[in-house]
S.K.: 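Handing you this structure, nothing more for now.
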Amino acid sequence: MVRYNPNEIEPRWQSYWEANQTFATPDLSKAGDDVAKRYVLDMFPYPSGDGLHVGHPEGYTATDIVSRFARSRGECVLHPMGFDAFGLPAEEHAIRTGEHPRVQTQRNIDNFTRQLKMLGFSYDWNRVLATTDEGYFRWTQWIFLVLFDTWFDSEAQVGRPIAELPIPAEVQAQGERAIELYRDSRRLAYQDDALVNWCAKLGTVLANEEVVDGKSEVGGHPVKRIPLRQWMLRITDYSERLLDGLEELQWPAGIKKLQYDWIGRSSGAEVDFYLQPGVPSDAASSESDEGAARGPFVAWKRERAASGFPSEAGSDALRVYTTRPDTLFGATYMVVSPEHPLIDRLVTPDRKAEVDTYREQASFKSDRERTEGDLEKTGVFTGSHAINPADGRSIPVWVADYVLAGYGTGAIMAVPAHDARDFEFAVAFDLPVIPVVDPPNDHPQHDEILAGQACYVAEGIAIHSGDYDGQTTDEVKAKLTASLAEQGLACPAVNYKLRDWLFSRQRFWGEPFPILHELDADGNPTGIKRGVPEDQLPVTLPELEDFKPHGRPEPPLAKADDDWLIVELDGKRYRRETNTMPQWAGSCWYYLRYIDPHNTQSLIDPELEKTWMPVDLYVGGAEHAVLHLLYSRFWHKVLYDRGFVTCPEPFQRLVNQGMILGEVEFTGYVDSDKQPVSTQQVRRDAEGNRISKDGRQLETVRLAEEDVQKKGEGFVLKSDPSIKVDSRAFKMSKTRGNVVNPDGVVRDYGADSLRLYEMFMGPLEATKPWVMNGVGGVRGFLDRVWRLVVDEKSDELRLCDAVVDTDCDEEQLRVLHQTIRKVTEDTEAMSFNTAIAKMMEFSNHFTRCEQRPRHALETFLVLLNPYAPHLSEELWRLLGHDESIALQPWPQWDEAALVQSSIEIPVQVNGKVKAKINVSPDATQDQMIEAALASKSVAGSIGDKKVVKKIAVPGRMVNLVVK
RNA sequence: GCUGCUGUAGCUCAGGGGUAGAGCGCCUCCUUGGUAAGGAUGAGGUCAUGGGUUCAAAUCCCAUCAGCAGCUCCA
């Protein structure tokens, strides 16, 4: 009695593969020119203390199947794994326990490695890396120095060495220091005062996601937005390149769209509005003063006509960006962001207190809060007016937080008639609405729009727009912009939503910046900085007494001793940069390092880079759709511009695996008397609590599967079918207690079953709930495969008697070749669930056969191998082979074996199936119709009606139309 | 609010203008000396709803409904 026992088989084969280096990456230079390379990459995990969850092996199994399949087809495969090991949880653990993050991180990596090996993935473990390795982050720092040494030549759209940056004569004249500062202002890595979420109580800067309602998510302490000197990366320079590069990539359309939208290119115009000095707030709009305001405005216009549109607006004009310059005549007020630099000049003394209060309130809101949901519009009047360059009308300038400082010019012209936000604001503050675009006549709100009572954002015909009346939106856009540009009042402009990347963190557990700040004789920074010389990399983390925050918005590394902090170089004293890099840094380029992981001389050997890049297949979660994938592409393009890599895009094909949810849960509701309440009666109150329609407080109760039954669309209580209950699968989480642990699944079912189940659940990209019974199902399949080969009744391990050395009969041959074809095509298309279903059909068929030709079983095992590698190795060995099945060539199917000598096809009469007939698969249409008409039941269906049309589709069906 | 995806057996999902499919679950029968028992049968579907195109629609088109996911003051 020898049963299939994965717990014994699997570790044995894992040791075999390791001992024999079965999956070591082949040396491509020795492989010959006609051998294809395939770089198959998983998004590497953050090694959390919880270990793998069942979501990880989904993508990993998919890439493992692709890799094993490719090897079997003779390709050279690079399939590596590593760890994204810097990260907040380890640091927080360190703050709590005092244990160095390195210690916990290593423990977690060891655990992840054990789990990954337990699942039998064919990684080349010789290439494993962690972003926390000094030998790795040395090169992360090196790339940062490349960014620091690069400026973007926007003319040529290419990054170039800073030494090639042309220095303007007036800067040159000011000396070396001025030149250095000018260069600093153009580097891809630069420092700037960015607004950060500072929580004094927690003593730390928080990410936007960690701030809720202006308070810290942890502890609920107030968070204030303060400017802090931060490192930024000029990713916005690469906006156009990042957009262009997307086109050629084989990525899911949704991900591409997300990146397009995130970069958010728009085009329009920048327009200057003349700001009149010293106009009293209430008088400006009155008739008499309007005339008085005209004098300086006319002079300003004359000056502009002569000088042209300046690169900076200056203090006498307010510059706005608009995508709808055609609506300029409809601008009835202006809005500046609370952080706008001109604000102090705009605010009149009588308004100062009110504006200051408003700005203070705005400073507590994160960008996320300011841009989230349908918020009520707020704002205050500054007291100042500006003059509309199109018609010379004076309009008020407001400050409101719906205008963001970081986009466009931080100020807008408000056209309430044609912008939903402006309209909402105008309604709230009773500002005039002037329609200047006539919508199509059939627009349902046509009359309201023309009366200024509704907002219309689409295109139409210009009205109330002076000489432009009657022209289309596009015409007005072009002509008005051109006319204003000629007068020096506007210029065409392109804007991106993408912001520069805030690249520094006030954290301990990250890569130190390889940057030194020059100190003067008194130990104060001079403002001059330099990179750490390449031969002194890596800059390692200092040893610290403890990891606790110290209450000031300074990074923990500032607590380091002077022998780390202070550096002397070329006779000058420097202080090290004490910020660290964000977790994204290490993951931006790890795919390059796998190619040449042990190189101490350079990031990557150029020859190896050229042969292996780009990554052919990249698999990971969609949560990285924007950030990681955009950051990586950006770094890659910089490295490309500087000649360190040879392909413009790193990831040729991207596939997102879907999320795996917990098991489906049934939820019912009961009132205070424990009486069940149907879900139709359940509402949520303002706090999100469940209440009944008539206002009673309800309690949710978890129901067991056997307490409910299906009824119509949903589920109801078995005990009372009038009570509907909720059925839903939830995201796995510790708090919900529905996390499935791979260790347990492997213990109970085996790694091959886990792998196979994860692939059989549904399409790779789909979100799908875990069903533990389903694992038992695929385990049953593997048991049947075992019994196809092994005599389970015998006391020793031996082949079962049905395995014979004969040829397949016709049907077996057809099933075998259908299986080869389906598994080959589906594996190629990464449609793993359907490939598995076909293999199940194969095993069902051969289980029923009293004679199972050995050759057919062997071929089947080769097909099964990428999916269930341990079991297939074991049975392969049992069938008498000494070599690993992983080295077997992939089978080919024979078209001739696929066809049946006779097939059954349906005969329809007026589209309804009336009979089935047997014909040869290559029967002609006439032969098919003849056979159909010869059938008795067909003749009966036709009766005495007349056949008016005969349709025959060869190999498929016959349809007779009768009257 | 916008965008995208999905509605096929009790569950999880294939398929896709021409015979309604798989696995699990379920029913019945048979086998069994071993810890996940095995084997054989069978039941079960108005392919979300309503229109349209067609000889023929689950499939293509339009609308509606339901569910899920993502984005959201970007001027």
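Everything quoted here is computed from the prediction, not taken from an experiment. Just so it is clear: chains get the letters A, B, ... in the order the sequence lines come, proteins before strands, and each one is counted from 1.
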S.K.: Compare the minimum distances between each of B/C55, B/U19, B/G39 and the side chain of A/K949, then state the nucleotide with the smallest one.
M.R.: B/C55
S.K.: Any side-chain N or O of A/R3 below 4.0 angstrom from OP1/OP2 of B/U35?
M.R.: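 Yes, A/R3 has a side-chain N/O under 4.0 Å of OP1/OP2 on B/U35.
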S.K.: Identify whether NZ of Lys or CZ of Arg in A/K377 sits under 6.0 Å from the centre of the six-membered ring of A/Y402 and within 45° of that ring's axis.
M.R.: yes
S.K.: Picking from A/L960, A/V958, A/N959, A/D926, what satisfies side chain to side chain contact (heavy atoms under 4.5 Å, CB included) with A/K950?
M.R.: A/L960
S.K.: Should B/A48 form a Watson-Crick or G-U wobble pair with both distances under 3.5 Å, which nucleotide is its partner?
M.R.: B/U64
S.K.: Answer yes if the side chains of A/S753 and A/Y4 hold a donor-acceptor pair under 3.5 Å, and no otherwise.
M.R.: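 There is no such pair (donor and acceptor under 3.5 Å, judged by atom type) between the side chains of A/S753 and A/Y4.
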S.K.: What about A/N959, does its side chain sit under 3.5 Å from the base of B/C55 through a donor-acceptor pair?
M.R.: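 In this structure, the two groups form a donor-acceptor pair.
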S.K.: How are the rings of A/Y867 and A/F832 set relative to one another: parallel (under 30°), tilted (30 to 60°) or perpendicular (over 60°)?
M.R.: perpendicular
S.K.: When the C1' atoms of B/G1 and B/A43 are considered, how many whole Å apart are they?
M.R.: 48 Å
S.K.: Check every strand shown and say whether A/I836 touches a base, only sugar-phosphate, or nothing at a heavy-atom separation below 4.0 Å.
M.R.: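 Nothing, no heavy atom under 4.0 Å.
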S.K.: Under 3.5 Å, is there a donor-acceptor pair linking the side chains of A/T834 and A/S831?
M.R.: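 Side chains of A/T834 and A/S831: pair found under 3.5 Å.
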S.K.: In whole angstrom, give me the gap between the P atoms of B/C26 and B/G39.
M.R.: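 My reading of the P atoms in B/C26 and B/G39 gives 15 Å.
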S.K.: Looking only at the side chain of A/T847 (C-beta and beyond, no hydrogens), which of the listed nucleotides B/C13, B/G39, B/A75 gets closest?
M.R.: B/G39
S.K.: Looking only at the side chain of A/P769 (C-beta and beyond, no hydrogens), which of the listed nucleotides B/A40, B/U12, B/A14 gets closest?
M.R.: B/U12
S.K.: Are A/Y333 and A/F425, when compared by the centres of their aromatic rings, separated by less than 6.0 Å?
M.R.: yes
S.K.: Roughly how far apart, to the nearest Å, are B/U8 and B/C13 at atom C1'?
M.R.: 9 Å
S.K.: Starting at atom CG of A/N844, determine the distance to atom C1' of B/G38, rounded to an integer number of angstrom.
M.R.: 14 Å
S.K.: With a 4.0 Å cut-off on heavy atoms, is A/T409 in touch with a base, just the backbone sugar-phosphate, or nothing at all?
M.R.: nothing
S.K.: Once you round it to whole Å, what is the distance between C1' of B/A37 and CG of A/D783?
M.R.: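 Rounding to the nearest Å, CG of A/D783 and C1' of B/A37 are 10 Å apart.
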S.K.: In whole Å, measure the gap between the C1' atoms of B/U12 and B/U54 for me.
M.R.: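 Per the computed distance, 34 Å lies between those C1' atoms.
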S.K.: For B/C5 versus B/C29, give the span between their P atoms, rounded off to a whole number of Å.
M.R.: 50 Å
S.K.: Rounded to whole Å, please give me the gap between CZ in A/F781 and P in B/C24.
M.R.: 10 Å
S.K.: Which nucleotide sits closest to the side chain of A/L258: B/A75, B/G18, B/G70?
M.R.: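 Minimum distance to the A/L258 side chain belongs to B/G70.
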S.K.: Rounded to whole Å, please give me the gap between CG in A/N656 and P in B/C5.
M.R.: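 In whole Å, B/C5 P and A/N656 CG are 15 Å from each other.
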S.K.: Rounding to a whole Å, what distance do you find between A/M761:CE and B/C11:P?
M.R.: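 Atom-to-atom, A/M761 to B/C11, this comes out as 16 Å.
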S.K.: Roughly how many Å is it from OH in A/Y4 to P in B/G38, rounded to a whole number?
M.R.: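 Rounding to the nearest Å, OH of A/Y4 and P of B/G38 are 14 Å apart.
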S.K.: With rounding to whole Å, what would you report as the distance between B/U49 and B/A9 at their P atoms?
M.R.: 11 Å
S.K.: May I ask you to verify if any side-chain N or O of A/S831 is less than 4.0 angstrom from the OP1 or OP2 atom of B/A14?
M.R.: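 Negative; the distance criterion is not met.
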S.K.: Check every atom of B/G18, B/A75, B/A14 against the side chain of A/M957 and return the nucleotide holding the closest atom.
M.R.: B/G18
S.K.: Distance check needed: B/C13 C1' versus A/M840 CE, whole Å only.
M.R.: 11 Å
S.K.: In terms of the nearest nucleotide of RNA chain B, which residue is placed more toward the 5' end: A/I951 or A/A411?
M.R.: A/I951
S.K.: When you look at CD of A/E850, are more than 12 heavy atoms from neighbouring residues, nucleotides or ligands closer to it than 6.0 Å?
M.R.: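 Open: at most 12 neighbouring heavy atoms sit under 6.0 Å from CD of A/E850.
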S.K.: Among B/A36, B/G18, B/A75, which is the nearest nucleotide to the side chain of A/T322?
M.R.: B/A75
S.K.: I'd like the P distance from B/G4 over to B/C11, given in whole Å.
M.R.: 29 Å
S.K.: Assign each of A/Y321 and A/V961 to its nearest nucleotide of RNA chain B by heavy atoms, then name whichever residue's nucleotide is nearer the 5' end.
M.R.: A/V961
S.K.: Roughly how many Å is it from CZ in A/R784 to C1' in B/A36, rounded to a whole number?
M.R.: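 Going from A/R784 (CZ) to B/A36 (C1'), I get 12 Å.
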S.K.: Does a side-chain N or O from A/R787 land closer than 4.0 Å to OP1 or OP2 of B/A37, or not?
M.R.: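 For B/A37, OP1/OP2 do not have a side-chain N/O of A/R787 under 4.0 Å.
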S.K.: Between B/G23, B/U12, B/A75, which nucleotide has the shortest distance from any of its atoms to the side chain of A/F760?
M.R.: B/G23
S.K.: Expressed as a whole number of Å, how far does the C1' atom of B/C60 sit from that of B/A66?
M.R.: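 Result for the C1' pair: 22 Å, nearest Å.
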